[in-house]
2 protein chains.
Amino acid sequence: MYVSSANVSERQAAPPALAISTVIFALRPSASSGRPTLWLPLVRRIREPYRDQWALPGGPLSHAESLQDAAAQNLRETTGLAPNYLEQLYAFGGLHRSPTQRVVSIVYWALVQPTEAALADESENVRWFRADRLGELAFDHNSIVDYALFRLRNKLAYGSVAYHLLGEYFTLAQVREVYEAVLDRQLDPANFRRQLKSTPEIQETGEYLQGGKHRPPRLYRFTGRPGLDQDNRSTP
Amino acid sequence: MYVSSANVSERQAAPPALAISTVIFALRPSASSGRPTLWLPLVRRIREPYRDQWALPGGPLSHAESLQDAAAQNLRETTGLAPNYLEQLYAFGGLHRSPTQRVVSIVYWALVQPTEAALADESENVRWFRADRLGELAFDHNSIVDYALFRLRNKLAYGSVAYHLLGEYFTLAQVREVYEAVLDRQLDPANFRRQLKSTPEIQETGEYLQGGKHRPPRLYRFTGRPGLDQDNRSTP
DNA sequence: ACAAAAGTGTTTTAAGTACACCCATGG
DNA sequence: CCATGGGTGTACTTAAAACACTTTTGT
């Protein structure tokens, strides 16, 4: 059982509970503009505290899993997906995060490509939300998502994580759209393209994306590391 | 008691133990060259496992402390000092970090200015070591220190953390020496000085450092935030 | 032919790097 | 007056930003 029904004296004596949570980002076309936007899945709480409010997927740490494995497991259970990228975000340990019990949460963040199946995994208690239109979440989860967004933007600007939101093959314009969606500003297509072309991890293929309305763009692929290392520490 | 003497079946059942450790950096003049170098305090383990080996200061998380408070307390107990800068490093949760018990360690890193008193706090079981000349430490603490060094170098290069290793007043050459010690390479004094002077957080005073052998350099002070916020999340 | 995105070229701006040089002080 | 670190000036190199322009496709 996740939240034990400890009384006050038990709470004082017991060590803090240890939980793993995961902020899962994926791209979906906006209903209005059709341009890609950031979404994330939340789960509805079925018990107190914060019953019926939406929260980050998570749970207690099983004794047989590493932290990263627990997060990946977590992700698979709520979405049916495997992460393309998974990294530790932060350990949150404030005294009053949960009203009933002292909980220390080690939070991971992940990037996935949502498939039809994954989106169909929605249910009464699991739903995808636009990252910029979450309501009021349980616990301190709003601020955790804010921090995860901050980290995602940072990694995007300096690292090479955008490709983990895309499929194996992509056009340079698609990469630009990811940047524009996450950073929320327009980028010069010409300059952006040149920057990507100077990145050795991006390999051009002989294929072209067909079926568009205009000149067919060339397809590229990402040849960097998968972003699922044993312990990812490239953060800072 | 930090490490409980659980037998195997107890270990399977019990939740992972939660501990806080801290990597504490300070500058001390090298015995040979006199130039500043990085040092950090370690504690000798007085029980198994790894008895008599050196380890990072740490201990279990008390139920009444936030994570950051626990790290600061930790720091004060082993060195007698208050941190100038304190930030969460990473949560280490591998399955086999400790041979006797599953332990999840939330590790902080700190910058301090060692005083006479602090260095006098050395004892049989607490000693300061040069960061580049640690022996073989207990648990996975060598790799933790490596990661802390990585993070320190990164923060130094991009953030404004060097001043927390110095006193209230300092010369620009002293800042350069910090950079050279931590990054382990020479920097052009002229260009380095210009970069610092274009940093608004660095304020020039009317004072000059007297007593040197040459032209007395001007003293500056750092006016940025103290680096001890409630929860420091400027990491990425 | 025309619209629109793909893709190229060129100019400007800013930031970093290398290095020559002057200044002020103790000895 | 000389050695040395403090402090200034200037040319060179590199990367980013701005923007005009050409190419290729579908309609």
Side-chain angles (χ1 to χ4, degrees), chain A residues 29-30 33-36 153-154 156-160 162 166-167 169-221, chain B residues 29-30 33-36 153-154 156-160 162-163 166-167 169-222:
Chain A
S30 152
S33 71
R35 306 164 68 81
R153 296 199 174 101
N154 234 297
L156 198 73
Y158 300 114
S160 44
L166 296 167
Y169 297 92
F170 48 81
T171 70
L172 299 188
Q174 286 172 336
V175 180
R176 178 167 50 81
E177 283 180 331
V178 175
Y179 275 73
E180 290 180 339
V182 174
L183 302 180
D184 196 31
R185 62 187 168 95
Q186 299 292 107
L187 297 172
D188 183 308
N191 294 330
F192 186 82
R193 126 176 242 97
R194 252 188 300 263
Q195 270 187 271
L196 289 195
K197 296 217 73 161
S198 72
T199 306
E201 292 165 319
I202 295 180
Q203 209 168 62
E204 102 177 13
T205 72
E207 317 286 320
Y208 292 81
L209 179 63
Q210 304 294 343
K213 295 183 187 148
H214 304 293
R215 173 175 176 177
R218 187 186 285 273
L219 288 169
Y220 294 79
R221 65 149 43 107
Chain B
S30 151
S33 72
R35 304 163 70 82
R153 295 199 175 101
N154 234 296
L156 198 73
Y158 300 114
S160 45
Y163 318 101
L166 295 167
Y169 296 93
F170 48 81
T171 70
L172 299 188
Q174 285 172 336
V175 180
R176 178 167 50 81
E177 284 180 329
V178 174
Y179 274 73
E180 291 180 337
V182 174
L183 302 180
D184 196 30
R185 62 187 169 95
Q186 299 292 107
L187 298 171
D188 184 310
N191 295 329
F192 186 83
R193 125 177 243 95
R194 252 187 300 263
Q195 272 186 270
L196 289 196
K197 296 217 75 163
S198 72
T199 305
E201 291 166 319
I202 295 180
Q203 209 168 63
E204 101 176 15
T205 72
E207 315 287 318
Y208 293 80
L209 178 63
Q210 304 295 345
K213 292 179 187 149
H214 305 294
R215 174 174 172 177
R218 186 185 287 272
L219 287 169
Y220 294 79
R221 66 154 35 112
F222 179 68

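What you see is a predicted model; the values in this text were computed from it and never measured. Just so we're on the same page: letters track the sequence lines, and every chain starts at 1.
Rounding to whole angstrom units, CG of residue Asn191(A) and P of dA20(D) are separated by 13 Å. Summarising the geometry, the separation between CG on Leu219(A) and P on dA6(C) is reported as 12 Å, rounded to the nearest angstrom. When rounded to the nearest whole Å, the span between CG of Asp188(A) and C1' of dA20(D) equals 11 Å. dA15(D) atom C1' lies 15 Å from atom CG of Leu196(A), rounded to whole Å. Computed from coordinates, the Leu209(B) CG to dG5(D) P distance equals 14 Å when rounded to whole Å. When rounded to the nearest whole Å, the span between CG of Leu187(B) and C1' of dT17(C) equals 12 Å. Summarising the geometry, the separation between OH on Tyr158(B) and C1' on dG16(C) is reported as 13 Å, rounded to the nearest angstrom. In this structure, the CD atom of Gln186(B) is 15 Å from the P atom of dT17(C), given to the nearest Å.
Judged by atom type and distance alone, Arg194(B) reaches the base of dG9(D) through a side-chain donor-acceptor pair under 3.5 Å.
Listed nucleotides: dG6(D), dG7(D), dT25(D). Nearest to the side chain of Ala173(B): dG6(D). Comparing dT23(D), dG16(C), dA24(C) against the side chain of Arg215(A) picks out dT23(D) as the nearest. Of all nucleotides listed (dG7(C), dT25(C), dA17(D)), dA17(D) comes nearest to the side chain of Gln195(A).
Across the interface with DNA chain D, nearest-nucleotide mapping of His214(B) and His214(A) shows His214(B) to be the residue nearer the 5′ end. For the pair Tyr208(B) and Ala190(A), both in contact range of DNA chain D, the more 5′-proximal nearest nucleotide belongs to Tyr208(B).
Residues Tyr163(B) and Val175(B) are in side-chain contact: their nearest non-hydrogen atoms beyond the backbone lie under 4.5 Å apart. Put simply, the side chain of Leu209(A) does not reach to within 4.5 Å of the side chain of Tyr169(A), judged on heavy atoms.
Judged by distance alone, the side chain of Ser30(A) and the main-chain N or O of Ser33(A) form a donor-acceptor pair under 3.5 Å.
Taking side-chain N and O atoms only, Arg193(B) has a distance below 4.0 Å to OP1 or OP2 of dT8(D).
Distance check, rounded to the nearest 0.5 Å: CD of Glu177(A) to CZ of Phe192(A) gives 10.5 Å.
Residues passing the salt bridge (Lys or Arg N to Asp or Glu O under 4.0 Å) test with Glu204(B) are Lys197(B), Arg218(B), sequence neighbours excluded.
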